[in-house]
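Read the structure below first, then the notes.
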Amino acid sequence: MTTYAVIDFETTGLSPGCGARPTEIAVVLVSNGTITDRYQSLMNPEVYIPSDIQALTGITNEMVRNAPSVGGIMKQAARFVGNHPIVAHNAAFDKKFWDAELQRIQLHRQQTFTCSLLLSRRIFPDAPNHKLGTLVHTLRLPNTGRSHRALADAESTAYLLLRLKQELMHRFRLTDVSHELLLAIQGKSRNQLETCVSNYRDAKK
DNA sequence: TGCCAGGCCCTCTTTAGGGCCTT
């Protein structure tokens, strides 16, 4: 049974290439259909948090002024994640920050990223949209607290991952959904879900 | 004070443009 590390960053902007840094990270471990452990911390990005992002996340410059350094928190987070596959909603975003901050402390990612946004587009194509908050509401996932805070969003993404796996098991009568199958679905285009699952089944026979 | 990106994916496409999604 694969253990997944579901992560979520709050940051000062959209791209580390433009100087944005993380202000908060949460990691939620998911195993055997449930959340088994959690890690969360604010960190001092050492750059100004724009007012619109302070309003969005509720994380202010005052809150992070005396928070631990990004490097120290990233070391702890990387240790907590270990070699588990990482999952995030719109993983391209979190992957940029994860890789950029690990590089600053001379660490390198070992594992793949799985994207719950891409999986949701393939598995729930008729959802009103594929924002995390909309999917939580549409799929009636548990309320995890204030959205746009790292732990609440990481937990929501964890429940979404479990719901996506559950939907695949139900729709295709599978006894389990492997990480390998999730990666295969993620790598295919939107209209190839049935073909992808069918090919995976045939390969396993 | 507070600027900023980029991969995915659809379509009136593929010699491109633009919306979605993350903060």
Side-chain angles (χ1 to χ4, degrees), chain A residues 4-28 40-65 67 70 73-74 77 86-104 109 112-139 141 144-161 163-164 182-196:
Chain A
Y4 294 91
V6 182
I7 74 167
D8 188 75
F9 278 112
E10 304 305 321
T11 69
T12 64
L14 292 173
S15 175
C18 291
R21 302 286 310 275
T23 56
E24 186 179 42
I25 187 171
V27 185
V28 171
Q40 176 274 334
S41 182
L42 288 170
M43 45 191 146
N44 184 346
E46 298 179 331
V47 295
Y48 184 85
I49 307 172
S51 57
D52 58 331
I53 294 179
Q54 291 186 61
L56 177 74
T57 64
I59 299 171
T60 65
N61 289 293
E62 180 64 28
M63 286 166 68
V64 298
R65 184 164 298 140
V70 175
I73 295 302
M74 287 301 299
I86 298 177
V87 179
H89 198 68
N90 196 14
F93 174 84
D94 294 274
K95 186 162 72 174
K96 280 189 301 187
F97 282 93
W98 183 262
D99 289 349
E101 294 301 339
L102 285 194
Q103 191 171 22
R104 281 172 175 263
R109 172 168 57 89
T112 58
F113 264 79
T114 302
C115 180
S116 59
L117 168 63
L118 293 181
L119 291 171
S120 298
R121 282 176 174 163
R122 287 145 178 68
I123 296 167
F124 295 114
D126 297 328
N129 61 57
H130 296 86
K131 293 177 183 176
L132 182 59
T134 301
L135 292 167
V136 166
H137 178 74
T138 304
L139 300 173
L141 302 178
T144 59
R146 188 196 196 285
S147 61
H148 295 296
R149 284 300 299 264
L151 185 58
D153 282 359
E155 287 189 3
S156 289
T157 303
Y159 288 122
L160 175 59
L161 171 68
R163 183 71 180 81
L164 289 165
L182 291 181
L183 288 176
I185 292 170
Q186 177 177 290
K188 295 287 183 183
S189 63
R190 265 187 211 199
N191 57 359
Q192 291 181 298
L193 176 61
E194 281 75 13
T195 307
C196 184

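In what follows, chains carry the letters A, B, and so on, assigned in the order in which the sequence lines appear, proteins first and then strands, with residues in each chain numbered from 1.
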Would one find more than 12 heavy atoms of other residues, nucleotides or ligands at under 6.0 Å from atom NZ of K131(A)? no
So do T12(A) and Y48(A) actually touch side chain to side chain, heavy atoms under 4.5 Å? no
Would you measure the distance from the P atom in dT1(B) across to the matching atom in dG6(B) and give it in whole Å? 27 Å
Whole angstroms only, please: what is the CZ-P distance between F113(A) and dC21(B)? 20 Å
To the nearest Å, give me how far apart CD (Q192(A)) and C1' (dC10(B)) are. 14 Å
For residues 49-58 of chain A, please give each side-chain donor-acceptor pair under 3.5 Å, one per line with the distance, not counting sequence neighbours.
residue	atom	partner	partner atom	Å
Q54(A)	NE2	I49(A)	O	2.9
T57(A)	OG1	I53(A)	O	3.0
T57(A)	OG1	I59(A)	N	3.0

Nearest whole Å is fine: how far is dT22(B) C1' from I25(A) CD1? 15 Å
Is there side-chain contact between L151(A) and V28(A), with at least one heavy-atom pair below 4.5 Å? yes
Heavy-atom nearest nucleotide on DNA chain B taken for T11(A) and for V47(A); more 5' hit belongs to V47(A)
I need the CD1-C1' distance between I49(A) and dC4(B), as an integer number of Å. 16 Å
At under 4.0 Å between heavy atoms, what does T12(A) touch on the DNA or RNA strands: base, sugar-phosphate, or nothing? base
Regarding D8(A), tell me which of base, sugar-phosphate or nothing describes its non-hydrogen contacts under 4.0 Å with the strands shown. sugar-phosphate
Would you call E24(A) and M63(A) a side-chain contact if the rule is heavy atoms closer than 4.5 Å? no
Would you say that S156(A) contacts L141(A) through its side chain, given a criterion of any heavy-atom pair below 4.5 Å between the two side chains? no
Take the protein atom NZ of K188(A) and the nucleotide atom C1' of dC10(B), then report the distance between them rounded to whole Å. 19 Å
Taking the C1' atom of each, how far is dT14(B) from dC21(B), in whole Å? 24 Å
Which is true for L132(A) with a 4.0 Å heavy-atom rule: it touches a base, it touches only sugar-phosphate, or it touches nothing? sugar-phosphate
Side chains of L132(A) and S147(A), heavy atoms from C-beta outward: is any pair under 4.5 Å? no
Please report the distance separating the C1' of dT23(B) from the corresponding atom of dA5(B), rounded so that it comes out in whole Å. 11 Å
What integer distance in Å separates Q54(A):CD from dT1(B):P? 10 Å
For dT15(B) and dC20(B), measure between their C1' atoms and round to the nearest Å. 25 Å
Does dC20(B) have OP1 or OP2 sitting under 4.0 Å from an N or O in the side chain of H130(A)? no
Using whole Å, report how far CG of L56(A) lies from P of dT22(B). 10 Å
Whole-angstrom distance between dG7(B) and dC3(B), as gauged at atom P: 22 Å
What nucleic acid atoms does F97(A) come within less than 4.0 Å of, heavy atoms only: base, sugar-phosphate, or nothing? nothing
Option among R163(A), H89(A), R121(A), Q186(A) that satisfies the side chain to side chain donor-acceptor pair (under 3.5 Å) test with S116(A): H89(A)
In whole Å, measure the gap between the P atoms of dT13(B) and dG19(B) for me. 16 Å
When you compare dC8(B) with dC4(B), how far apart are their P atoms, in angstrom units rounded to a whole number? 23 Å
Whether F9(A) and W98(A) hold their rings parallel, tilted or perpendicular, with breakpoints at 30° and 60°: tilted
Polar pairs (N or O, both sides) under 3.5 Å between protein and nucleotides 5-8 of chain B?
none

For dC21(B), does either OP1 or OP2 sit under 4.0 Å from a side-chain N or O belonging to H89(A)? no
Heavy-atom nearest nucleotide on DNA chain B for E10(A) versus Y48(A): which residue maps closer to 5'? Y48(A)
I need the CD-C1' distance between Q186(A) and dC9(B), as an integer number of Å. 14 Å
Assign N61(A) to base, sugar-phosphate, or nothing according to its heavy-atom contacts below 4.0 angstrom with the strands shown. nothing
